[in-house]
**Q** 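One structure is given below, represented as structure tokens, and several questions about it will come after.
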Amino acid sequence: GELCEGGDPVSCDQCLDGGGHLQSQLAIRSLRLQRLFGVIDQLLCPSFFLKQQYLSWGINQHLISVIENLPEQGAGPANPLPSSRLGHGAPIILGYFGQINPWKGLDLIIKGIAIARSNGADVHLQVHGPSEDYSKLPEGVTISGAYSPEQLGERMIGVDLLVMGSIWYENSPMVIQEAYRYGRPVVLPKLGGMAEKVREGRTGLLFDAGDSASLASCLVELYLNHELLTKLTKGVQEMMSKRADAFKGHQQLYARLIKA
């Protein structure tokens, strides 16, 4: 498939390799969604990217509220965990957390790690999530396997930054919020809702989506300039100390809707 800004039953069927058999199902799905929009009082979007998709479908902008997803109760500490690996010349450890499938771009990340290491950067990748058998991993990459929500904290302690490599649109990945809650900056593609979750140069870095060399450039920069990693880590902590309470935002929105 290819990235697109929208679609129709015919083109979507082709993209999904349906051979014409999915067109009717896709058309019915589109009609059902349109009918649902007609009875909804308010659409909650955790990203402006998603809001723009709804607007392109003709949804009234006054029916759309952009508000961050609610984290799980008790997810993450009240105060971000400090990183103990901010010294000059120390290796940089990146963590990948979540599902592993082709559109999540793990292969792209692994290639980016290899390129960065070939350019002298002592960077490492820990892969946290249910994975297939990677029998030929390059040096610097380890598979840590699946984890439970209760184990997230101890996994986050072991990394300096979180990295994503998605080659498909993402709305508002919860793993970005989780990284911030643990005081970890992020390295993300300039794509979809991911890009708007980063204050570039303050809470993380962005690279060109689908481009392992662009990712590698970010990693080399981080390795050669540990002051940047320190700056990003402090930036995340400052942002979290000032961030609006998502629970309160949801409560206020619901109260307004009930009153109306």
Side-chain angles (χ1 to χ4, degrees), residues 1-7 43-57 61 64-71 80 92 94-113 115-116 123 125 156 159-222 225 228-229 231-240 242-244 246 249:
E2 298 179 354
L3 285 174
C4 66
E5 296 297 329
L43 283 167
L44 304 185
C45 300
S47 68
F48 287 97
F49 167 75
L50 181 58
K51 177 181 178 179
Q52 187 56 50
Q53 304 312 304
Y54 285 141
L55 290 175
S56 68
W57 291 354
Q61 63 177 341
I64 306 173
S65 294
V66 178
I67 185 169
E68 191 58 88
N69 282 319
L70 291 174
I92 291 179
L94 295 105
Y96 174 94
F97 290 80
Q99 302 177 31
I100 297 176
N101 52 50
W103 50 90
K104 290 295 185 179
L106 179 57
D107 289 344
L108 180 149
I109 297 172
I110 292 175
K111 186 176 180 181
I113 290 285
I115 295 173
V123 293
L125 175 68
M156 281 284 183
V159 306
D160 300 313
L161 306 98
L162 175 133
V163 62
M164 293 183 66
S166 300
I167 58 175
W168 202 258
Y169 292 125
E170 297 267 8
N171 174 20
S172 180
M174 290 296 293
V175 70
I176 299 176
Q177 286 192 61
E178 292 168 345
Y180 284 157
R181 287 177 65 85
Y182 283 98
R184 268 43 183 178
V186 295
V187 182
L188 307 175
K190 300 175 185 175
L191 183 65
M194 293 177 288
E196 70 184 70
K197 302 298 178 181
V198 181
R199 299 176 184 176
E200 189 164 17
R202 295 175 61 188
T203 64
L205 299 177
L206 295 171
F207 64 92
D208 296 333
D211 190 340
S212 55
S214 178
L215 169 59
S217 295
C218 289
L219 303 184
V220 171
E221 180 183 9
L222 284 164
N225 182 8
L228 175 59
L229 178 55
K231 176 185 175 183
L232 297 178
T233 302
K234 289 181 178 178
V236 171
Q237 294 172 353
E238 291 174 1
M239 178 189 69
M240 293 303 292
K242 300 174 183 178
R243 188 173 231 179

**Q** Would a 4.5 Å heavy-atom cut-off, applied to side chains only, mark M194 and F49 as touching?
**A**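 When only atoms from C-beta onward are counted, F49 and M194 do not touch, as no gap falls below 4.5 Å.
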**Q** State, to 0.1 Å, how close L219 and A116 come at their nearest heavy-atom pair, and which atoms those are.
**A**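 It is CB-CB, 4.0 Å.
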**Q** Taking NZ, NE, NH1 and NH2 as the nitrogens, is one of them in E238 or K231 under 4.0 Å from a carboxylate oxygen of the other?
**A**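 So E238 does not pair with K231 through a salt bridge.
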**Q** Measure from the side-chain N and O atoms of R184 to the backbone N and O of V159, and report whether any donor-acceptor pair falls under 3.5 Å.
**A**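 Yes.
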**Q** I'd like to check K111 versus I115 (side-chain heavy atoms, cut-off strictly below 4.5 Å). Are they in contact?
**A**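 Counting from C-beta outward, K111 and I115 do come under 4.5 Å.
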**Q** Locate the shortest heavy-atom distance separating L188 from I176; write the atom from each residue and the value.
**A**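 Closest pair (atom of L188, atom of I176, distance): CD1-CD1, 3.6 Å.
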**Q** Look up atom NZ in K104 and atom CH2 in W168, then write down how far apart they are to the nearest 0.5 Å.
**A**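 CH2 of W168 is found 12.5 Å from NZ of K104.
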**Q** side-chain contact (heavy atoms from CB on, under 4.5 Å) with L70: which residues, sequence neighbours excluded?
**A**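 Residues passing side-chain contact (heavy atoms from CB on, under 4.5 Å) with L70: A246, F247, H250.
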**Q** If the test is side chain to side chain contact (heavy atoms under 4.5 Å, CB included), which one of D160, V123, V187 qualifies with L222?
**A**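 Running side chain to side chain contact (heavy atoms under 4.5 Å, CB included) over D160, V123, V187 with L222 returns exactly one hit, V187.
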**Q** In Å, rounded to the nearest 0.5 Å, how long is the span from CD1 of I109 to OG of S166?
**A**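 Spacing of CD1 (I109) from OG (S166) equals 7.5 Å.
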**Q** Can you name the nearest heavy-atom pair linking V236 to Y180, along with the distance?
**A**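 Where V236 meets Y180 most closely, the heavy atoms are CG1-O, 3.6 Å.
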**Q** Which value, rounded to the nearest 0.5 Å, describes the distance between L125 atom CG and I113 atom CD1?
**A**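 Result: 5.0 Å between the selected atoms.
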**Q** Would you say that L162 contacts M164 through its side chain, given a criterion of any heavy-atom pair below 4.5 Å between the two side chains?
**A**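 A side-chain contact under 4.5 Å exists here.
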**Q** Can you see which heavy atom on I167 is nearest to which on P102, and at what distance?
**A**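 Looks like CD1-O, 3.7 Å.
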**Q** Can you tell me how far CG of L232 sits from CG of L161, rounded to the nearest 0.5 angstrom?
**A**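 Separation between the atoms: 7.0 Å.
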**Q** Going by heavy atoms in the side chains, are R202 and K234 under 4.5 Å from each other?
**A**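 Of all side-chain heavy-atom pairs linking K234 with R202, none is under 4.5 Å.
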**Q** Could you state the interatomic distance from OG1 (T203) to CE (M240), rounded to the nearest 0.5 Å?
**A**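 Interatomic distance, T203 OG1 to M240 CE, rounded to 0.5 Å: 10.5 Å.
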**Q** CG/N171 to NZ/K51 distance, rounded to the nearest 0.5 angstrom?
**A**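 The CG atom of N171 sits 14.0 Å away from the NZ atom of K51.
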**Q** Could you list the donor-acceptor pairs under 3.5 angstrom formed between side-chain atoms of residues 204-218 and any protein atom two or more places apart in sequence or on another chain?
**A**
unit_1	atom_1	unit_2	atom_2	d
D208	OD1	K190	NZ	3.4
D211	OD1	A213	N	3.0
D211	OD1	S214	N	3.1
S214	OG	D208	N	2.9
S217	OG	A213	O	3.1

**Q** Around atom CD of E196, are there more than 12 heavy atoms from other residues, nucleotides or ligands closer than 6.0 Å?
**A**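 Yes, enclosed.
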**Q** Hey, does E221 have a side-chain heavy atom less than 4.5 Å from the side chain of L228?
**A**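 When only atoms from C-beta onward are counted, E221 and L228 do touch, with a gap below 4.5 Å.
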